[in-house]
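To start, the structure itself, in structure tokens.
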Amino acid sequence: MILGAEFYLRNNVTIVARELLGKLLVTNIDGQKTSGIITETEAYQGVVDKASHAYGGKLTNRTEVMYRPGGFAYVYLCYGIHSLFNVVTNRKDIPHAVLIRSIAPFEGIEHMLARARKGINAKNIGVGPGKVSKLLGINYGLTGQRLTLDFINKSKQKELTIWIEDLNENPKKSEIEMSPRIGVDYAGDDALLTYRYVYNRK
DNA sequence: CATAGGATCGCCT
DNA sequence: GGCGATCCTATGT
């Protein structure tokens, strides 16, 4: 079942980040359907979070998507090479987001391998936010895409490009590890927050 | 207009 | 453990 807006609109981004573990992230790009089970996420808590692109209420062309209501894709280019995929959460004007850091490939693995051929190590495939986007065919041009079917008739878009499905795979507490987020040393105290969630699947 | 730097990755030593 | 790749974004003049 495709997750609806109510899943993303909730006001606690850390709960959404945790509940995204075990869900299926799906793309339909270039006529190729690919998907992976989400195994690692990070929560970014908007204006109060020094690690967030929206810290202090920063609003630019790039971050505008984060201020939309939950259920949009926020994709940005990192180091000039990697498109990192985030899910926007909370209600309009609260710029919270969850970075998807790892997936376990599920469907369309042959398409993923073809995409990976250009510069991906076969080892740890799907582990790391740059690799998630590479495998699923997500690039920064897809920022602002809707992830839900709500209001689909109000737009000209007929089908989704990126969405998330519930497989009823519910990770146990003992299978989830929390730790500080990666690569945010510049964030001072906020670098210590354990907003990273890793799902160790059996 | 110019410029510095980044929520990374793979390959090298 | 270190480094280069590679380009958009944000900021400053």
Side-chain angles (χ1 to χ4, degrees), chain A residues 8 12-21 23 25 27 34 36 38-68 70 72-90 94-105 112-145 147 162 164 176-199:
Chain A
Y8 305 100
N12 189 327
V13 68
T14 62
I15 289 178
V16 176
R18 186 200 170 287
E19 291 189 7
L20 280 170
L21 298 175
K23 299 291 192 290
L25 175 58
T27 60
T34 50
I38 297 170
T39 54
E40 183 184 354
T41 60
E42 283 179 358
Y44 286 85
Q45 202 166 206
V47 299
V48 300
D49 183 354
K50 293 193 187 77
S52 170
H53 292 163
Y55 174 61
K58 186 153 80 172
L59 176 60
T60 64
N61 280 339
R62 179 173 74 149
T63 63
E64 168 272 320
V65 174
M66 298 179 81
Y67 291 80
R68 297 188 195 175
F72 283 89
Y74 170 52
V75 185
Y76 72 96
L77 189 66
C78 189
Y79 298 106
I81 302 173
H82 307 288
S83 292
L84 303 203
F85 172 74
N86 299 252
V87 170
V88 174
T89 74
N90 214 314
I94 309 289
H96 291 184
V98 177
L99 172 66
I100 308 300
R101 289 194 59 90
S102 300
I103 57 169
M112 297 196 203
L113 290 173
R115 288 168 177 154
R117 205 149 291 157
K118 308 167 196 165
I120 273 195
N121 198 333
K123 197 168 100 178
N124 284 333
I125 195 156
V127 177
K131 291 190 278 188
V132 168
S133 294
K134 184 102 183 173
L135 293 183
L136 294 174
I138 296 171
N139 62 64
Y140 68 93
L142 293 175
T143 198
Q145 288 275 321
L147 305 175
I162 310 174
I164 299 177
I176 299 176
E177 277 182 52
M178 294 171 61
S179 59
R181 295 168 293 184
I182 303 295
V184 298
D185 297 341
Y186 57 85
D189 304 343
D190 292 339
L192 303 176
L193 296 168
T194 55
Y195 282 179
R196 176 173 176 237
Y197 300 86
V198 179
Y199 174 23

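Just so we're clear, the structure is a prediction, and the values are computed from it rather than from any experiment. So you know, we letter chains A, B, ... as the sequences are listed, proteins then strands, and number each from 1.
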Residues 179-186 of chain A side chain polar contacts: donor-acceptor under 3.5 Å, at least two apart:
from	atom 1	to	atom 2	distance (Å)
A/Ser179	OG	A/Arg196	NH1	3.2
A/Arg181	NH1	A/Ala43	O	2.9
A/Arg181	NH1	A/Asp49	OD2	2.7
A/Arg181	NH2	A/Asp49	OD1	3.1
A/Arg181	NH2	A/Asp190	O	3.0
A/Tyr186	OH	A/Ala51	O	3.3

Can you see whether A/Thr27 engages A/Thr34 through a side-chain donor-acceptor pair at a distance of less than 3.5 angstrom? yes
Atom-to-atom span, NE2 of A/His96 to C1' of B/dA7 - whole angstrom: 16 Å
Taking only Watson-Crick and G-U wobble pairs with both distances under 3.5 Å, what dot-bracket line describes DNA chain C, where [ ] shows pairs that cross earlier ones and | shows pairs with another strand? |||||.||||||.
Mind checking what makes side-chain contact (heavy atoms from CB on, under 4.5 Å) contact with A/Asn61, not counting sequence neighbours? none
Between atom NZ in A/Lys50 and atom P in B/dG6, what is the gap in whole Å? 17 Å
Between A/Tyr55 (OH) and B/dG6 (C1'), how many Å, whole number? 18 Å
Closest to the A/Ile182 side chain: B/dT8, B/dG10, B/dA7? B/dT8
Does a side-chain N or O from A/Lys134 land closer than 4.0 Å to OP1 or OP2 of B/dT8, or not? no
Heavy-atom closest pair (A/Val127 atom, A/Lys131 atom, distance to 0.1 Å) is O-CE, 2.5 Å
Nearest-angstrom distance from the residue atom NZ of A/Lys131 to C1' of C/dA5: 16 Å
At less than 3.5 Å, do the side-chain atoms of A/His53 and the base atoms of B/dA7 form a donor-acceptor pair? yes
When rounded to whole Å, the CD to P distance for the pair A/Glu40 and B/dT8 reads 11 Å
In whole angstrom, give the distance that lies between atom CZ of A/Arg101 and atom C1' of B/dC9. 11 Å
Nearest heavy-atom neighbours spanning A/Tyr195 and A/Gln45: OH-NE2, 2.7 Å
Contacts of A/Tyr76 that satisfy ring-ring contact (aromatic ring centres under 6.0 Å, His included) - sequence neighbours left out: A/His53, A/Tyr74
When rounded to the nearest 0.5 Å, the distance separating OH of A/Tyr197 from OG1 of A/Thr41 is 7.5 Å
Check nucleotides 7-13 of chain C for protein N or O atoms closer than 3.5 Å to its own N or O atoms and list the pairs.
from	atom 1	to	atom 2	distance (Å)
C/dC7	O4'	A/Gly80	O	3.4
C/dA10	OP1	A/Thr60	OG1	2.2

Please check if the side chain of A/Ser83 supplies one atom and the backbone of A/Ser133 the other of a donor-acceptor pair under 3.5 Å. no
Could you give the CG-to-P distance, from A/Asn124 to B/dG10, as a whole number of Å? 9 Å
If I take atom CG in residue A/Asn139 and atom C1' in nucleotide B/dT8, what distance separates them, rounded to the nearest angstrom? 16 Å
Once salt bridge (charged side-chain N to carboxylate O under 4.0 Å, His left out) is applied, do any residues pair with A/Glu177, and if so which ones, sequence neighbours excluded? none
